[in-house]
Amino acid sequence: MSSIDTIGENRRLQQIYSALVNFGAESAVDNTLLGGPRRGFQRWVYRLPEPIPELSAATRTRILLEGLGPTYVKLGQIVSSQVNVLPDDWATQMDLLQNEVPTFPFEVARQLVEAELCAPLEQLYSEFSPTPMAAASLAQVHRARLHDGREVAVKIQRPNIDQQVHSDLGVARIMGRALETRSRWAREVGLRGMLDEFSTNLVEELDYYAEAYNMSRLTANMADLPGVHIAELHRDLSSKRVLTQEFVSGVKISNVAAIDAAGLDRAVIGENALRAAIKMLLIDGFFHADPHPGNLIVSLDTGVVTFLDCGMVGELSVAQRVNMIVLLWTVVQGDMTAMGQQLRALSQPFRPVDDAAFIRAFKRKMARYGEGSGADFKDILNAGMDVLRDNGLRLDPSLTLGMKAITQASSWFLPLAPPDRTFTAAAVEIVLEQAQATSTEVMVKEMLRKEATKVAGQAVHAAPEYLKSLVSWNNQLKKGKLTVSVDTSSLDNQMKEVRSIASMLMIALLVSGGIIGSAIAASALEGSASSMARYAQLAFFASLALGVVLVVIYTFRLLRRGPDDR
């Protein structure tokens with residue numbers, strides 16, 4: 001890490017610390033009798049015409065996130081997609097993060113576009129609205145018109161956002177490491193891994209070349225699906241920090257009232273959007289990883305659902321896709337034991353795990369979600385995750401985005417679907433439908449072709465050695481002889497060891513015999529003053545000393561060898 005990065009992270013850490021301290025102090029004061037007088041004094045100092053309202057904890061948290069900047073706004077947006085598990089007040093305030101992010105001035109936007117596309121704004125577009133039509137945590141969007149009359153949306157990255165995001169992510173990693181050393185909860189949820197994954201995806205979102213590629217690939221994958229769309233990309237008016245795409249009008253997919261008022265069939269819209277999400281996630285394995293309602297726009301004229309903001313994508317292997325499909329099937333069947341086994345297969349331990357105890361705990365807690373319970377998939381999955389964590393397990397980090405995407409899909413699908421249409425049943429039906437589609441057959445054949453090419457490449461790489469051997473054998477056969485070489489180097493080493501052990505054994509037997517013989521002789525001549533008695537005693541001690549030396553030598557040789565040799 002460079003000194004510049006370190007300075008930036010230290011400065012950012014101080015800013016975050018100050019903001020959190022102020023937030024905590026203001027929250028503490030507002031919850032006491034001093035809250036009312038404090039707001040009155042503020043009104044008097046700033047000469048405000050209306051009384052300052054008492055802000056809820058959710059509102060203060062939303063203001064805090066906006067004050068901390070784009071990285072933390074992005075975190076709040078991810079939380080806001082989990083509306084089913086948030087109280088109404090918190091859901092409303094977190095949802096505002098997707099719409100009420102502060103904008104930056106038009107002159108700054110003009111300078112950024114002209115610097116990135118290397119031309120004056122009037123030369124690039126026939127019209128360009130100075131007022132942003134939307135502002136997000138990392139960029140803001142302006143409405144414009146091309147010289148051929150087509151309307152477009154121009155996404156412009158916030159100035160100097162990359163430096164701030166990298167500093168924020170560095171601080172987040174520091175805090176993650178510190179929390180994991182001090183908090184059991186942080187270790188159990190794998191906080192560092194979650195932050196690393198979030199950091200990787202956020203950095204990818206800062207590169208609009210990557211988003212342009214994602215748009216093109218998703219467009220090709222969804223070409224055969226009815227009622228869904230990816231906005232058309234204008235590559236000649238796009239760069240690393242500016243993205244020009246087709247202008248899309250409509251309402252968020254969660255705006256059920258507007259959809260009904262337009263006379264559209266909400267069930268068809270929900271099925272079309274879910275079909276696209278499931279195909280991306282479980283059939284193609286390349287998916288939009290942030291399908292919250294703000295990124296799915298429904299045209300009130302046609303009912304077509306457009307997926308926006310393709311900066312965050314995920315990929316799943318074939319094995320991971322199969323495991324997720326089986327997981328959905330176990331929920332449809334209400335087989336909680338099978339669901340527990342499937343979640344176990346998708347997880348990894350963070351401490352020693354008793355699998356039998358895990359299955360018992362899973363069956364005990366999840367029995368309430370069995371067949372006919374009518375529970376929402378998100379509630380079932382959250383309960384299952386709790387059992388995993390309580391038993392020393394957590395989801396494989398590579399699956400986090402996939403699980404997030406599928407729970408987000410369930411949150412907007414259910415308000416659109418008929419009351420008797422469950423998310424898991426619809427998802428499994430779509431998987432079976434898409435598995436039989438022509439496009440899927442082509443995809444599978446292409447995947448097999450790539451795998452066959454990979455195997456063939458490995459074979460070609462090894463082919464020269466095989467050919468050398470074949471030519472050598474062919475020449476020898478023509479001469480009427482075939483020489484076979486056997487590598488006995490390892491056998492020679494083992495024979496040397498056998499001979500060494502045999503020699504040691506013979507010496508040991510001789511020394512043992514000397515010790516025993518001299519001991520018998522010394523005992524027999526005990527009390528005798530003859531020289532024979534002295535020689536017998538001398539031989540006994542000499543044999544004993546030699547035996548000790550041999551034991552030391554053997555022990556030393558044994559310790560020098562590896563475990564396998566021993």
Side-chain angles (χ1 to χ4, degrees), residues 4-5 8 11-12 15 65-77 97-148 150-170 199-216 230-249 290 294-295 297 308-313:
I4 296 176
D5 293 336
R11 186 187 305 116
R12 186 63 177 145
Q15 294 172 350
L65 292 175
E66 290 176 347
L68 287 175
T71 307
Y72 296 90
V73 170
K74 193 69 179 178
L75 279 170
Q77 289 174 347
L97 289 171
Q98 298 176 1
N99 303 300
E100 298 187 4
V101 180
T103 62
F104 53 88
F106 169 64
E107 285 306 316
V108 175
R110 170 192 281 273
Q111 292 171 9
L112 287 169
V113 173
E114 292 180 345
E116 285 291 313
L117 303 182
C118 303
L121 198 65
E122 292 75 16
Q123 182 179 329
L124 298 168
Y125 307 94
S126 64
E127 297 177 18
F128 196 98
S129 173
T131 304
M133 58 178 289
S137 56
L138 303 179
Q140 69 184 30
V141 181
H142 289 257
R143 192 168 181 172
R145 189 180 297 274
L146 302 180
H147 290 289
D148 61 9
R150 287 180 293 173
E151 283 193 292
V152 293
V154 184
K155 183 163 72 169
I156 309 168
Q157 195 172 105
R158 290 181 176 275
N160 302 317
I161 189 64
D162 53 343
Q163 298 176 10
Q164 182 175 339
V165 166
H166 280 91
S167 295
D168 280 343
L169 294 178
S199 301
T200 300
N201 288 300
L202 193 55
V203 170
E204 281 290 307
E205 285 195 69
L206 296 175
D207 185 354
Y208 290 170
Y209 287 127
E211 183 170 351
Y213 166 77
N214 298 339
M215 292 173 67
S216 300
I230 299 290
E232 180 186 358
L233 171 71
H234 295 275
R235 284 190 179 273
D236 57 329
L237 294 172
S238 300
S239 68
K240 185 175 182 179
R241 294 181 176 85
V242 174
L243 190 75
T244 302
Q245 62 183 25
E246 167 194 2
F247 175 76
V248 178
S249 61
D290 195 21
N295 283 337
I297 302 300
L308 299 178
D309 195 2
C310 301
M312 184 183 293
V313 297

Review point. Within the side chain of Glu246, is there an N or O that forms a donor-acceptor pair under 3.5 Å with the backbone of Glu232?
Key: yes
Study note, to complete from the structure: Asn214 meets the side-chain contact (heavy atoms from CB on, under 4.5 Å) criterion, sequence neighbours left out, with Phe286, Cys310, Val313
Point to revise | Rounded distance (nearest 0.5 Å) linking atom CD of Gln140 with atom CD of Gln157 | key: 12.0 Å
Practice item. List for me each residue that meets side-chain contact (heavy atoms from CB on, under 4.5 Å) alongside Arg235, sequence neighbours excluded, and say none if there are none. Key: Ala212, Ser216, Leu233
Check your understanding: By ring-ring contact (aromatic ring centres under 6.0 Å, His included), which residues pair with Phe128, not counting sequence neighbours?
Key -> Tyr125, His142
Practice item. Drop me the distance from Glu211's CD to Leu206's CG, to the nearest 0.5 angstrom. Key: 10.5 Å
Review point. Are side-chain heavy atoms of Val152 and Leu237 found at a separation under 4.5 Å?
Key: no
**Study point:** Point-to-point distance, once rounded to the nearest 0.5 Å, from OG of Ser126 to CD of Glu151
**Key:** 9.5 Å
Revision key, fill the gap. Between the CD1 atom in Ile161 and the CD1 atom in Ile156, the distance rounded to the nearest 0.5 Å is 14.0 Å
Review point. Atom OG in Ser249, atom CZ in Arg143: separation rounded to 0.5 Å?
Key: 7.5 Å
**Study point:** Glu114 side-chain N/O to Leu121 backbone N/O, donor-acceptor pair under 3.5 Å
**Key:** yes
Check your understanding: Hey, what do you get for OG1 (Thr244) to CG (Leu124), rounding to the nearest 0.5 Å?
Key -> 8.0 Å
Check your understanding: Do the non-hydrogen side-chain atoms of Leu146 and His234 ever get within less than 4.5 Å of each other?
Key -> yes
Revision key, fill the gap. Closest heavy-atom pair, Ala231 versus Gln245, reported as atoms and distance to 0.1 Å, is CB-CD, 4.1 Å
Point to revise | Flag, side chain of Ser129 to backbone of Ala144, donor-acceptor distance under 3.5 Å | key: no
Check your understanding: Tell me, which pairs form a salt bridge (charged side-chain N to carboxylate O under 4.0 Å, His left out) where one or both residues lie in residues 125-142, sequence neighbours left out?
Key -> Glu127-Arg145
Practice item. List the steps and the verdict of side-chain contact (heavy atoms from CB on, under 4.5 Å) for Met215 and Leu243. Key: CA-CA 11 Å; Met215 292 173 67; Leu243 190 75; 3.9 Å; yes
Exercise for review: Check side-chain contact (heavy atoms from CB on, under 4.5 Å) between Pro159 and all other residues, then give those that pass, not counting sequence neighbours.
Suggested key: Phe104, Val108, Leu112
Check your understanding: Do Asn295 side-chain atoms and Asp290 backbone N/O form a donor-acceptor pair below 3.5 Å?
Key -> yes
Practice item. Please identify each residue that fulfils side-chain contact (heavy atoms from CB on, under 4.5 Å) with Ser239, with sequence neighbours left out. Key: Glu116, Leu117, Tyr209, Val242
Point to revise | Considering all heavy atoms, the nearest Asp207-Lys240 contact | key: OD1-CG, 3.6 Å
